[in-house]
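Throughout, protein chains are lettered first and strands after them, A, B, ... in sequence-line order, and every chain is numbered starting at 1.
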Number of protein chains: 2
Amino acid sequence: MATGSGARSKTAERILDIAERLVQTRGFNGFSYADISAQLGITKASLHYHFATKDELGAMLITRYRDAFVDALRAIDGEGESSLHKLNAYVKLYEDVLRRDRMCLCGMLAAENRTLSREMQTLVHGFFDANERWLATVVDRGRANGELRFSGSAVDQARLLVVALEGAMLVARGCGEPARFTVAAARLLDQLTIASPPRAGRRSRAP
Amino acid sequence: MATGSGARSKTAERILDIAERLVQTRGFNGFSYADISAQLGITKASLHYHFATKDELGAMLITRYRDAFVDALRAIDGEGESSLHKLNAYVKLYEDVLRRDRMCLCGMLAAENRTLSREMQTLVHGFFDANERWLATVVDRGRANGELRFSGSAVDQARLLVVALEGAMLVARGCGEPARFTVAAARLLDQLTIASPPRAGRRSRAP
DNA sequence: GTCTATAACGAGATAGAC
DNA sequence: GTCTATCTCGTTATAGAC
């Protein structure tokens with residue numbers, strides 16, 4: 001179920017689909033209306049009928065992306081109460097983006113932050129806040145019920161998870177090695193998990 | 001002591017200084033020769049005398065940045081044998097970049113990866129590899145001598161550190177809240193440290 | 001809603017004088 | 001090394017016909 005954001009024409013939706021892919025692969029400053037025009041098969045002028053300015057298109061992209069993400073988090077909440085399951089499902093959201101050869105839309109826009117309109121900047125900030133709030137609740141409950149182990153505040157732990165996953169996507173793409181994401185994510189969750197099984201290479205402190 | 005990379009004119013060096021700041025704040029696709037021209041006070045045409053193409057300028061930027069980073073790592077190695085000190089000094093390198101209101105050059109370029117020349121892509125990859133190699137040695141020794149605690153391979157742990165710090169810079173800048181970096185970095189090192197002191201909010205597993 | 005046509009500007013890059 | 005002048009192309013955006 002889509003979250004608000006109202007009705008849009010099918011053409012507008014296809015424009016957003018194409019633009020989203022372009023931003024996630026090339027950045028907001030790395031594509032133009034001409035790229036969308038070529039892929040969609042309508043003229044640049046027609047694009048301006050649906051989204052008058054590129055900034056307006058950008059704002060819509062972030063809003064739609066955030067709404068879809070929030071929907072995905074709600075769906076995860078509906079899958080049960082296990083905090084560890086929720087965390088794994090959350091990581092899988094990122095993995096799905098990466099598997100499609102994309103960067104997180106808002107991670108990409110965070111890099112380009114200084115070149116964006118005020119509105120886009122605010123929306124990007126809001127995306128990260130929404131993620132952190134959800135994760136903070138998950139890890140807080142997980143610690144309370146003994147599933148997870150970490151020190152300090154739940155919000156800080158949630159923020160570490162967000163930044164580490166965003167960075168893992170960033171570097172994995174920058175190196176052309178998606179596996180770097182998987183390894184980093186697995187290790188992140190491992191550190192949060194209580195009674196994780198011993199792994200090859202593990203050593204105890206000096207005897 | 002500078003690492004190789006040879007002699008360059010003073011003007012070329014000033015061009016690189018200005019371009020570096022522009023890339024770190026706005027991205028490689030977010031600035032133009034006109035920006036450098038305005039800040040340096042020479043014409044765009046003159047810039048092309050020093051760096052024939054923007055791609056060439058970009059490649060020089062990464063090379064110089066990597067060399068400076070490698071030099072900084074060598075300097076840290078000269079400060080003693082403490083792994084924990086090395087890690088703190090490493091984090092401080094990132095903090096210094098962020099304090100100057102910049103993103104890591106190669107983190108920024110990692111986001112723009114798909115729009116870069118082959119050469120620039122390769123150089124970015126090389127930057128991350130160099131960082132990981134150094135960090136892997138540090139954490140491996142730290143674990144061997146009992147200073148640090150982590151499971152799995154040292155290389156994987158090094159990679160987690162790199163991606164988490166890059167992501168922390170990315171999101172901190174994307175939210176306009178540098179403190180997000182500091183908190184994430186502190187927590188990262190805390191998880192690696194043996195016998196870290198109890199902190200407010202810490203809880204042990206269910207009794 | 002989509003088109004043609006075009007405006008208005010900025011980009012990277014080059015030629016050739018000094 | 002730096003300049004003026006210019007080229008060519010791509011960019012966002014608009015006007016007005018269909």
Side-chain angles (χ1 to χ4, degrees), chain A residues 6-62 108-109 112-121, chain B residues 6-62 108-109 111-121 123:
Chain A
R8 254 187 306 259
S9 77
K10 286 206 166 156
T11 303
E13 215 67 56
R14 287 162 72 198
I15 292 170
L16 289 172
D17 289 341
I18 293 170
E20 184 177 82
R21 209 196 95 258
L22 285 166
V23 173
Q24 291 187 261
T25 52
R26 304 179 54 88
F28 193 71
N29 297 323
F31 83 101
S32 74
Y33 271 35
D35 297 317
I36 304 176
S37 169
Q39 291 183 37
L40 186 53
I42 73 175
T43 62
K44 288 188 293 171
S46 299
L47 297 177
H48 283 282
Y49 168 81
H50 297 280
F51 302 96
T53 69
K54 201 184 178 189
D55 281 347
E56 189 182 305
L57 171 61
M60 290 296 182
L61 278 177
I62 308 173
M108 182 66 84
L109 295 175
E112 297 175 293
N113 177 68
R114 292 296 188 283
T115 70
L116 304 179
S117 68
R118 275 285 157 91
E119 187 182 8
M120 286 182 69
Q121 290 178 2
Chain B
R8 253 187 308 259
S9 76
K10 286 203 168 157
T11 303
E13 214 68 53
R14 286 162 73 197
I15 293 170
L16 289 171
D17 289 340
I18 293 170
E20 185 178 80
R21 209 195 95 258
L22 285 166
V23 174
Q24 291 186 260
T25 51
R26 303 178 55 88
F28 193 71
N29 297 323
F31 83 101
S32 74
Y33 271 36
D35 297 317
I36 304 176
S37 169
Q39 291 183 37
L40 186 53
I42 74 175
T43 61
K44 285 192 296 171
S46 298
L47 297 177
H48 283 282
Y49 168 81
H50 296 280
F51 302 97
T53 69
K54 201 185 177 188
D55 281 347
E56 189 181 305
L57 170 61
M60 289 297 181
L61 277 177
I62 308 173
M108 182 66 84
L109 295 175
E112 298 176 293
N113 176 69
R114 292 296 188 282
T115 70
L116 304 180
S117 67
R118 274 286 157 87
E119 187 182 8
M120 285 182 70
Q121 290 177 3
L123 287 168

Phosphate oxygens OP1/OP2 of [N]: is one of them under 4.0 Å from a side-chain N or O of [X]?
| X | N | answer |
| --- | --- | --- |
| Tyr49(B) | dT2(D) | no |
| His48(B) | dT2(D) | no |
| Ser46(A) | dC3(C) | yes |
| Thr11(A) | dT2(C) | yes |

End axis versus end axis in the helix from dG1(C)-dC18(D) to dC18(C)-dG1(D), the angle rounded to 10°, five pairs used at each terminus: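 The angle separating the two end axes equals 0°.
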Rounded off to whole Å, could you give me the NE2-to-P distance for the His50(B) and dA13(C) pair?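 It works out to 16 Å between those atoms.
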Mind calculating the distance between CZ (Phe51(A)) and P (dT14(D)) to the nearest angstrom?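 Distance, rounded to whole Å: 16 Å.
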[X] and [Y]: which non-hydrogen atoms are nearest, and at how many Å?
| X | Y | answer |
| --- | --- | --- |
| Leu61(B) | Leu16(B) | CD2-O, 3.4 Å |
| Glu112(B) | Asn29(B) | OE2-N, 2.9 Å |
| Phe51(A) | Tyr33(A) | O-OH, 3.0 Å |
| Phe28(B) | Gly58(B) | CE1-CA, 3.7 Å |
| Leu47(B) | Ser37(B) | CD1-N, 3.8 Å |
| His50(B) | Glu56(B) | O-OE2, 4.1 Å |

Extract from the structure each pairing of a protein N or O with an N or O of nucleotides 16-18 of chain C at less than 3.5 Å, listing the distance.
none

So, Gln24(B) side chain and Met108(B) main chain: donor-acceptor pair closer than 3.5 Å or not?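 No.
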Among the nucleotides dT2(C), dT12(D), dT4(D), which one has an atom lying closest to any side-chain atom of Thr43(B)?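 So the side chain of Thr43(B) is nearest to dT4(D).
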Which nucleotide in the list dT12(D), dG12(C), dT4(D) gets nearest to the side chain of Lys44(A)?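 In terms of side-chain proximity for Lys44(A), the closest of dT12(D), dG12(C), dT4(D) is dT12(D).
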DNA chain D contacts made by residues 12-40 of chain B, counting heavy atoms under 4.0 Å: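 Within residues 12-40 of chain B, no residue comes under 4.0 Å of DNA chain D.
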If you draw a 6.0 Å radius around [atom1] in [X], do more than 12 non-hydrogen atoms from other residues or ligands fall strictly inside?
| X | atom1 | value |
| --- | --- | --- |
| Glu13(A) | CD | yes |
| Met60(A) | CE | no |
| Arg14(A) | CZ | no |

How long is the span from the NZ atom in Lys54(A) to the OG atom in Ser117(A), to the nearest 0.5 Å?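 Rounded to the nearest 0.5 Å, the NZ-OG separation comes out at 11.5 Å.
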